[in-house]
Amino acid sequence: MSWQLADTTLQSRFLIGSSLYPSPHIMRQSIEASAAEVVTVSLRRQSPEHKGGNAFWQHIQRLNCHVLPNTAGCYSAKQAIDTANMAREVFATHWIKLEVLGDEYNLQPDPFALLEATKELISQGFEVFPYATDDLVLAERLVTAGCKIVMPWGAPIGTGRGLINPYALKTLRARLPDTTLIVDAGVGAPSHAAQAMEMGFDGVLLNTAVAEAGDPVLMASAFRDAIMAGRSGFEAGVIQQRDLAKPSTPVLGTPFWHQEP
Amino acid sequence: MLTILFNGEPYQVRHAALLLVLDELKVSGVCAVAVNGQFVPKIEHENVTLNDKDTIDAFTPMQGG
């Protein structure tokens, strides 16, 4: 079933990164197997003489996906704003995955600089996809600033720890029902992605869990299936948990049902 | 001749106009340019004149997560 991401209609709820793959060939095969329609990319200082960037860009263009440039590695609002403007020119898109980091140890977003950069970029016409923590107040401020999308982390980037604070993520979903929420970062296993989708998140963005898997192509398809299964589970309505057992087979009429055990 | 720092490396260039310097440095294709740390949109390249010891950085598409 199709869904709306900003101004674009998509079929897949899987957003995938383009980094860390063993080779460009495996990257392409993995992205194809994922069925993702949005691929994250970045910019790096590199001599155009080396042609590495252009070769990579040609690989991405052949995939016919929407590109979502990031501002990875930025530690101030100014750096992130400059990088976003460069990305808009290079990739010809107003979408930006806004990363403004505040801590080098766990790559945690700086909420203050993130909000500052978000306000400025929205005023410049960007569609901002802010990479945030799972903090409710920050998410609300980002939405108030004009974000249609918020991307809380499941866990710190690359850790593969899954959803370390399900309570906070459930709270975000409950309190921001009209905002597109995408779990970004920290997802390690397909079951983590399914869990996020069962909670009602609109999508999952990940990279390392596929790119560094033993078989990235197979893992990409595993995540594709898990995200679809999780979404179907959410739409179907997961039952409430109970403390007491309840027989699924009717007791009345079973042999010896009237006898003492 | 000007000495400029291109992507961290010193270069001697014959021109001062950014557009001509980029041509001298063979900067072409898909990339964004910053002068002295400030992004210069392509549409403004022809209006920028460099000074000795200015820095130029070129940014190209790269893998990202």
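Quantities reported herein were computed from a predicted structural model and do not represent experimental measurements. Sequence lines set the chain letters: A, B, ... in the order given, protein chains first and strands last, and positions in each chain run from 1.
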- So, A/Asp135 side chain and A/Leu138 main chain: donor-acceptor pair closer than 3.5 Å or not? yes
- Run the numbers on B/Val21 and B/Leu25 for side chain to side chain contact (heavy atoms under 4.5 Å, CB included), then give the verdict. CA-CA 6 Å; B/Val21 171; B/Leu25 296 170; 3.7 Å; yes
- Query: Ignoring hydrogens and geometry, is there a side-chain-to-backbone donor-acceptor pair from B/His45 to B/Val40 under 3.5 Å?
  - Reply: yes
- Note on the structure: From the list A/Ser18, A/Ala211, A/Ala72, the residue making the most non-hydrogen contacts under 4.5 Å with chain B is A/Ser18
- By a 4.5 Å heavy-atom criterion (distance strictly below it), what part of A/Glu99 contacts chain B: side chain, backbone, both, or neither? side chain
- Query: A/Ser12 and A/Glu37: side-chain donor and acceptor closer than 3.5 Å?
  - Reply: no
- Task: With a 4.5 angstrom heavy-atom cut-off, could you sort out which part of A/Asn85 is near chain B: side chain, backbone, both or neither?
- Result: both
- Query: Side chain, backbone, both or neither: which part of A/Tyr131 has a heavy atom under 4.5 Å from chain B?
  - Reply: neither
- Task: Give the member of A/Lys78, A/Met27, A/Glu89 that has the highest number of heavy-atom pairs under 4.5 Å with chain B.
- Result: A/Glu89
- Query: Distance under 6.0 Å and angle within 45° of the ring axis: does A/Arg44 meet both against B/Phe59?
  - Reply: no
